[in-house]
Amino acid sequence: MKKLKTAIIGLGYIGESHIEAVNRIGGCTLYGVFDANKELAKEKTELYGIPKCYDSIDELLADPEIDVVHNCTPNRLHHEINCRVIKAGKNLFSEKPLCTTYKEAEELISVLKENPKVAAGVNFNYRLNPLVMEMRERIKNGEIGDVRIITGSYLQDWLLYDTDYSWRLDPALSGPSCCTADIGSHWMDSIQFVTGHRITEVMADTDTVIPVRKKPKKANLTFTSEVPDEYEEVEITNEDYCSVMFRTDKGARGVFYASELCAGHGCALSYEINGSKASFGWNQEENNKLWIGRRDEDNSLISRNPNAMTGAARRYTSLAKGHPEGWNDAFKGNMSAFYSYIASEGKTEPVFATLEQAAYIVKLTEAILKSGKEKKWVKV
Ligand SMILES: NC(=O)c1ccc[n+]([C@@H]2O[C@H](COP(=O)([O-])OP(=O)(O)OC[C@H]3O[C@@H](n4cnc5c(N)ncnc54)[C@H](O)[C@@H]3O)[C@@H](O)[C@H]2O)c1
């Protein structure tokens with residue numbers, strides 16, 4: 001089988017995880033990189049022995065060797081770069097969110113339609129946690145009955161103090177949303193994927209809890225807790241908190257909240273799904289465990305065990321029981337699903353997020369911001 005050649009644009013926090021994942025999955029070789037920060041690009045090229053370090057996105061896209069391009073740049077650049085990648089005839093694996101407005105998302109979908117040979121996916125990586133796949137299969141098989149209530153949260157703490165700063169707070173780089181687009185998007189994608197429901201109405205409360213922050217004069221690293229020596233005080237408009245009540249197309253109701261102001265949490269994406277027969281509960285920070293709640297029998301807390309997993313989910317776990325799989329493994333699994341889809345020429349199920357699915361998350365984000373502003377229910 002021909003090995004696909006991959007290029008990565010953007011080598012910051014998540015770009016490094018892409019490098020590691022590409023190096024771990026079969027079927028592709030990391031061939032080239034580009035980052036606006038030339039020093040960083042050079043450093044990663046040497047560290048990982050990457051054959052090519054391009055001088056520009058144009059040069060990267062013009063290279064006929066490249067089959068797949070990963071876009072790991074800040075959100076506001078996604079639309080333009082994703083468009084250029086597809087138009088260059090390269091397969092696209094974009095970081096989430098797909099882009100920052102639904103209008104841009106529609107444009108991307110039509111550009112993809114004009115380039116039918118291109119495969120495109122968006123990195124909603126929590127889907128490929130083995131026990132998330134397991135819940136999805138069991139819900140499909142009717143184990144918890146009709147899904148009625150979906151609740152949960154996505155909590156982090158890296159914006160807790162006013163000395164914490166990120167481009168995610170700057171509309172020019174992030175678009176109009178911070179926590180909803182950044183982490184709420186993962187929560188919504190994950191529960192829609194697992195339940196097969198679509199959120200169709202939202203009633204949100206959004207807030208910028210810290211309205212003035214100390215922005216470092218020198219660019220800082222994502223998720224750093226360093227206090228800057230030199231800073232300027234800047235007004236923040238993007239939200240750092242959202243809570244959302246919602247209804248789904250299949251009649252379920254739910255509520256979730258997301259914020260990066262929750263001390264003690266690094267990546268606490270969690271949810272509980274209550275069905276007409278039983279419930280499931282899962283938390284990313286303890287991702288090898290799945291809680292099953294029942295009324296007339298004992299509850300159980302099962303551990304990931306490939307031998308006991310549902311057939312379709314079994315495919316997405318690799319280590320034997322007792323060998324915990326982590327965040328990086330699920331990340332690799334998502335990427336692997338995308339590359340298998342390309343290798344099968346679109347014949348395998350796209351379990352990674354498609355452009356249409358990721359566009360819907362952008363639409364939901366817009367609806368949440370609108371609802372938060374207007375303080376009323378918004379139909380999506
Ligand atoms: N899937 C996940 O779990 C996950 C986690 C973190 C971040 N992300 C997403 O990844 C993207 C990047 O986030 P991050 O945390 O890595 O940010 P980051 O700031 O750490 O890295 C961004 C990189 O992009 C580079 N860059 C900026 N402008 C560029 C340009 N015009 N051309 C090329 N490179 C450019 C920067 O120099 C930097 O190295 C965001 O869209 C974010 O939402 C996803």
Side-chain angles (χ1 to χ4, degrees), residues 7-21 32-45 53-61 69-85 92-100 104 121-129 132 154 156 158-159 164-170 172-175 177-190 216 218-224 226 238 258 260 266-269 284-285 287 326-335 338 352-353 358 361-362 365:
I8 300 176
I9 303 176
L11 304 172
Y13 178 79
I14 208 66
E16 183 118 23
S17 297
H18 282 248
I19 294 177
E20 288 175 9
V33 291
F34 171 72
D35 193 291
N37 178 342
K38 295 264 156 71
E39 250 175 66
L40 178 73
K42 194 162 172 277
E43 182 198 313
K44 301 293 176 203
T45 306
C53 182
Y54 299 98
D55 284 327
S56 67
I57 296 181
D58 281 337
E59 190 196 354
L60 182 154
L61 294 179
V69 179
H70 294 219
N71 181 3
C72 303
T73 58
N75 303 356
R76 200 75 182 83
L77 303 171
H78 288 185
H79 172 253
E80 188 213 321
I81 295 176
N82 289 346
C83 247
R84 287 167 71 188
V85 171
L92 167 73
F93 194 61
S94 172
E95 259 310 333
K96 43 54 63 174
L98 171 62
C99 49
T100 58
E104 289 175 349
V122 178
N123 194 28
F124 281 111
N125 42 304
Y126 296 101
R127 288 180 173 213
L128 266 287
N129 273 276
V132 169
Y154 194 162
Q156 300 188 328
W158 61 281
L159 288 178
D164 298 322
Y165 187 81
S166 161
W167 57 258
R168 288 162 174 82
L169 296 158
D170 177 0
L173 287 169
S174 182
S177 171
C178 176
C179 76
T180 313
D182 195 38
I183 53 179
S185 60
H186 273 302
W187 193 91
M188 294 186 285
D189 178 75
S190 190
K218 274 195 279 172
N220 65 342
L221 292 172
T222 296
F223 309 133
T224 184
E226 255 171 49
N238 279 7
E260 299 98 344
C267 191
L269 188 171
Q284 193 289 138
E285 288 188 341
N287 67 340
W327 188 94
N328 267 334
D329 300 296
F331 194 91
K332 178 197 96 174
N334 193 38
M335 206 171 280
F338 179 65
F352 58 87
I361 300 293
V362 175
T365 303

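One is the number of the first residue; the rest follow in order along the sequence. As the structure lists them, so they are numbered: ligands from 1, and atoms in each ligand from 1. Just so it is clear, the values below take in all heavy atoms, side chains as well, and ignore hydrogens, waters and symmetry mates.
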Novice: I need the atoms of ligand 1 closer than 4.0 Å to a non-hydrogen atom of D182, numbered in the order shown.
Specialist: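 What qualifies from ligand 1 is 43 (O).
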Novice: For I9, take its heavy atoms, then give the atoms of ligand 1 lying under 4.0 Å from any of them.
Specialist: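 In order of numbering, the contacting atoms are 33 (C).
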Novice: Looking at atom 34 (N) of ligand 1, what's its closest protein heavy atom, distance included?
Specialist: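 For this ligand atom, the closest protein heavy atom is A36 N, 3.2 Å.
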Novice: Identify, by atom number and element, the atoms of ligand 1 in contact range of N123, meaning under 4.0 Å from any of its heavy atoms.
Specialist: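 Answer for ligand 1: 1 (N).
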Novice: Checking S177 side chain against A181 main chain: does a donor-acceptor pair fall under 3.5 Å?
Specialist: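 Yes.
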Novice: So is Y54 close enough to ligand 1, meaning a heavy atom under 4.0 angstrom away?
Specialist: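 No, Y54 has no heavy atom closer than 4.0 Å to ligand 1.
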Novice: Do me a favour and list the nearest non-hydrogen protein atom to atom 18 (P) of ligand 1 with residue, atom name and distance?
Specialist: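 The closest one turns out to be T222 OG1, 3.2 Å.
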Novice: Once rounded to the nearest 0.5 Å, what's the spacing between atom SG of C179 and atom OH of Y154?
Specialist: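 The SG atom of C179 sits 11.5 Å away from the OH atom of Y154.
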Novice: Test N238 against D170 for side chain to side chain contact (heavy atoms under 4.5 Å, CB included), laying out the working first.
Specialist: CA-CA 7 Å; N238 279 7; D170 177 0; over 6 Å; no
Novice: I need the N129 CG to N334 CG distance, nearest 0.5 Å.
Specialist: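 N129 CG to N334 CG: 9.5 Å, rounded to 0.5 Å.
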Novice: Should you measure from each heavy atom of H78, which atoms of ligand 1 turn up under 4.0 Å away?
Specialist: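 Matching atoms, with element in brackets: 41 (O).
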Novice: How long is the straight-line distance from CD of Q156 back to CD1 of I183, given to the nearest 0.5 Å?
Specialist: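 Rounded to the nearest 0.5 Å, the CD1-CD separation comes out at 4.5 Å.
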Novice: Among all protein heavy atoms in this structure, tell me which lies nearest to atom 40 (C) of ligand 1, with the distance rounded to 0.1 Å.
Specialist: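 I find the closest protein heavy atom is N75 OD1, 3.3 Å.
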Novice: If you have a sec, work out which protein heavy atom is nearest atom 8 (N) of ligand 1 and how many Å separate them, to one decimal?
Specialist: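 Result: E95 OE1, 3.7 Å.
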Novice: Of the side chain and backbone of W167, name the one, both, or neither that has a heavy atom under 4.0 Å from an atom of ligand 1.
Specialist: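 The side chain, only.
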Novice: If you define the side chain from C-beta out and look only at heavy atoms, does anything of W158 sit under 4.5 Å from R168?
Specialist: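 W158 reaches R168 side chain to side chain.
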Novice: Which atoms of ligand 1 have any heavy atom of P74 under 4.0 Å away?
Specialist: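 What qualifies from ligand 1 is 22 (C), 24 (O), 27 (C).
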Novice: Nearest to atom 7 (C) of ligand 1, what protein heavy atom do you find, and at what distance?
Specialist: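 Going by distance alone, atom 7 (C) of ligand 1 is nearest to R168 NH2, 3.3 Å.
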Novice: Quick one: do F352 and R127 satisfy side chain to side chain contact (heavy atoms under 4.5 Å, CB included)? Show the steps, please.
Specialist: CA-CA 7 Å; F352 58 87; R127 288 180 173 213; 5.6 Å; no
Novice: Using distance alone, with no hydrogens and no angle criterion, decide if E95 and H18 have a side-chain donor and acceptor under 3.5 Å apart.
Specialist: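 Yes, a side-chain donor-acceptor pair sits under 3.5 Å.
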Novice: When you look for heavy atoms under 4.0 Å from ligand 1, do you find them on the side chain of K96, its backbone, both, or neither?
Specialist: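 K96 to ligand 1: contacts from backbone and side chain alike.
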Novice: By number and element, which atoms of ligand 1 are closer than 4.0 Å to a non-hydrogen atom of G12?
Specialist: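 Under 4.0 Å from G12, ligand 1 has these atoms: 16 (O), 20 (O), 21 (O), 23 (C), 39 (O).
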Novice: Just to verify, what does K38 make a side chain to side chain contact (heavy atoms under 4.5 Å, CB included) with, not counting sequence neighbours?
Specialist: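 Scan of K38 (side chain to side chain contact (heavy atoms under 4.5 Å, CB included), adjacent residues dropped) gives F34, D55.
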Novice: Going by the atom numbers of ligand 1, which of them fall below 4.0 Å from some non-hydrogen atom of W327?
Specialist: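 Those of ligand 1 that fall under 4.0 Å from W327 are 3 (O).
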Novice: Nearest protein heavy-atom contact for atom 31 (N) of ligand 1: which residue, which atom, what distance?
Specialist: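 Scanning the protein heavy atoms, the shortest distance from atom 31 (N) of ligand 1 goes to L77 CD1, 3.6 Å.
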Novice: Ligand 1 versus C72, non-hydrogen atoms closer than 4.0 Å: side chain, backbone, both, neither?
Specialist: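 Answer for C72: backbone.
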Novice: Short N/O distance, under 3.5 Å, between F34 and ligand 1?
Specialist: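 Between F34 and ligand 1, no N or O pair is found under 3.5 Å apart.
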Novice: Taking 4.0 angstrom as the limit and counting only heavy atoms of L40, give me the atoms of ligand 1 inside it, by number and element.
Specialist: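 Listed by number with element: 39 (O).
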Novice: Please write down residue, atom name and distance for the protein heavy atom closest to atom 37 (O) of ligand 1.
Specialist: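 Protein heavy atom with the smallest distance to atom 37 (O) of ligand 1: D35 OD1, 2.6 Å.
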Novice: As a test of understanding, state which of I8, I9, T45, L40 forms a side-chain contact (heavy atoms from CB on, under 4.5 Å) with D35.
Specialist: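 Looking at I8, I9, T45, L40, the match for D35 under the side-chain contact (heavy atoms from CB on, under 4.5 Å) is L40.
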Novice: What residue and heavy atom of the protein are closest to atom 1 (N) of ligand 1, and at what distance?
Specialist: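 Closest protein heavy atom to atom 1 (N) of ligand 1: N125 OD1, 2.8 Å.
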Novice: Taking side chain to side chain donor-acceptor pair (under 3.5 Å) as the test, write out the residues that go with E80, two or more places apart.
Specialist: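 For E80, the residues satisfying side chain to side chain donor-acceptor pair (under 3.5 Å) (neighbours in sequence not counted) are R84.
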Novice: Go through it in stages, so that I can follow the logic: the residues are H186 and N125, the test is side chain to side chain contact (heavy atoms under 4.5 Å, CB included), and I'd like the CA-CA distance, side-chain angles, deciding distance and then a yes or no.
Specialist: CA-CA 8 Å; H186 273 302; N125 42 304; 3.2 Å; yes
Novice: Could you walk me through whether E260 and S166 pass side chain to side chain contact (heavy atoms under 4.5 Å, CB included), step by step?
Specialist: CA-CA 11 Å; E260 299 98 344; S166 161; over 6 Å; no
